[in-house]
Amino acid sequence: MNSIIPSDNSLKGYISNIFDKKANNYSENITLRALVQLIPNIGGALDTILYEKGSKWRQERIEYFIKYFEEKINELIKENNLLSEKINKVINSEDFYDLFLKALKDSTSTKYKEKINYYANILINYVNKIQTPEDSEIMIEILSQQLNSEIYILTKIYSNNSKITLYNYNNAFIFWNELKQYLEKNIIKLKSNDDIPKEYIFNDNNLYLLNKLESNFLLTRQEYVNGELLSYTHKKTSQTTTYQVNMTKKEYKLTDFGKKYLEWILINQKRE
């Protein structure tokens, strides 16, 4: 089956021509390069990164994006040959042209292949499901503003039935189920925050990211004022002791918009 995408070389050449003017702004700006090189101690290194290494990395990311996008398009056609005509029509539209350039440009700003995949997946969803250009632009805009750690948190919440519950113990927000298993397995009585390993605490950086995701309408938060009585058990040879601790909690849930966003960028990925 022939690919509906232009051959690898022609597509790369086409994209390179589009990006040449913007990509070469730094290399052609003699004054700017001279100023960068004048920066004490690091000027030469910065010039190398911006001119030589930057061009190489950008080209590698473009090639990876195109290869991944082409593979996914051809997979769609292989699954359903009737899609070929529809996909061709969409890809040859002006709306797709604009979206493709935006996604490709933004994808060159990250070294993470997984995030580059997400940009391409948005285009795949647009082509396959015929979503509106506005929807696609919004998804690309959100993705471009997100840190990898934000996406990681969202995907973890998505795989956990779209919600996450944090318990407050002495102003430390913890994952209770995991901590409970740790306390019971190691026969440890919870007396202070010092008894909690760091991996069971949702740190300040992640709390900041949760609030940021909430402000972008991807998550909702519900805080419970009344404490919840939680228990854990220590089992010894001839004795079982149960301990209780009272904690308040807050729960974060994916909004419908948050679920929609993840379904756009996580093509063919299932919940755990």
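- Residues Y118 and S107 have side chains not in contact (no heavy-atom distance under 4.5 Å, counting atoms from C-beta outward).
- Note on residues 199-224: pairs passing salt bridge (charged side-chain N to carboxylate O under 4.0 Å, His left out), not counting sequence neighbours, are E150-K212, E214-R221, R221-E223.
- By the rule that hydrophobic residues join a cluster once side-chain heavy atoms approach within less than 4.5 Å of another member, Y224 and L219 end up as members of separate clusters.
- For the pair L213 and I153, the minimum side-chain heavy-atom distance is below 4.5 Å.
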Can Q145 and E141 be said to form a side chain to side chain contact (heavy atoms under 4.5 Å, CB included), step by step? CA-CA 7 Å; Q145 295 178 4; E141 182 68 18; 2.6 Å; yes
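- The shortest distance between side-chain heavy atoms of I142 and F257 falls below 4.5 Å.
- A distance of 10.0 Å separates CD1 of I77 from CG of N128, quoted to the nearest 0.5 Å.
- With contacts defined as side-chain heavy-atom distances shorter than 4.5 Å, the pair S149/L209 qualifies.
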Show your reasoning for whether side chain to side chain contact (heavy atoms under 4.5 Å, CB included) applies to I62 and T108. CA-CA 6 Å; I62 288 174; T108 62; 3.6 Å; yes
Go through K249 and E228 one step at a time and tell me if the salt bridge (charged side-chain N to carboxylate O under 4.0 Å, His left out) criterion holds. CA-CA 8 Å; K249 69 178 181 180; E228 182 175 336; 3.3 Å; yes
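- Proximity of W264 to S136: side-chain heavy atoms (C-beta onward) are separated by under 4.5 Å at one or more points.
- To the nearest 0.5 Å, the span separating CG on N74 from CD on E71 amounts to 8.5 Å.
- Between the CD atom of E137 and the CG atom of D95 there is a distance of 8.0 Å, given to the nearest 0.5 Å.
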Evaluate salt bridge (charged side-chain N to carboxylate O under 4.0 Å, His left out) for K72 paired with E75, printing each intermediate quantity in order. CA-CA 5 Å; K72 291 301 179 182; E75 284 176 13; 3.6 Å; yes
Verdict with reasoning, L99 to L123, per side chain to side chain contact (heavy atoms under 4.5 Å, CB included): CA-CA 7 Å; L99 290 172; L123 294 181; 3.9 Å; yes
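- Every residue was checked against the ring pair (Phe, Tyr, Trp, His ring centres under 6.0 Å) condition with Y119, not counting sequence neighbours, and none meets it.
- In terms of modelled atom types and a separation under 3.5 Å, the side chain of T255 and the main chain of F217 share a donor-acceptor contact.
- Remark: K163 fails to qualify as a cation-pi partner of Y252 under the 6.0 Å distance and 45° angle criteria applied to the six-membered ring.
- Remark: K111 engages R61 in a side chain to side chain contact (heavy atoms under 4.5 Å, CB included) (not counting sequence neighbours).
- The environment of K253 atom NZ is sparse: at most 12 non-hydrogen atoms of other residues, nucleotides or ligands sit within 6.0 angstrom.
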Step by step, would you call I157 with L210 a side chain to side chain contact (heavy atoms under 4.5 Å, CB included)? CA-CA 11 Å; I157 295 175; L210 279 178; 4.2 Å; yes
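- Every pair tested for salt bridge (charged side-chain N to carboxylate O under 4.0 Å, His left out) that includes a residue from residues 167-184 fails, sequence neighbours excluded, so the list is empty.
- Residue L229 belongs to no hydrophobic cluster, having no ILVMFWY side-chain heavy atom closer than 4.5 Å to its own.
- Hydrophobic cluster membership for Y232: Y167, Y169, I174, W176, L179, Y182, L183, I188, L190, I196, Y200, I201, L230, Y243, V245, M247 (Ile, Leu, Val, Met, Phe, Trp, Tyr linked by side-chain heavy atoms under 4.5 Å, directly or transitively).
- How far OH of Y112 is from CD1 of I116: 11.5 Å, rounded to the nearest 0.5 Å.
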Would you sort out whether N117 and Y64 count as a side-chain hydrogen bond (donor to acceptor under 3.5 Å, both in side chains), showing the intermediate values? CA-CA 9 Å; N117 292 350; Y64 178 84; 2.9 Å; yes
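- Checked against the 6.0 Å centroid criterion, the rings of F100 and F65 qualify as a close aromatic pair.
- Of the inter-residue distances, the one linking Y152 atom OH with N206 atom CG reads 9.0 Å to the nearest 0.5 angstrom.
- A donor-acceptor contact shorter than 3.5 Å links the side chain of K115 to the backbone of Q146.
- Side-chain atoms of N160 never come within 3.5 Å of backbone atoms of K156 as a donor-acceptor pair (strictly under, hydrogens ignored).
- Rounded to the nearest 0.5 Å, atoms CG (N125) and CG (L266) are 10.0 Å apart.
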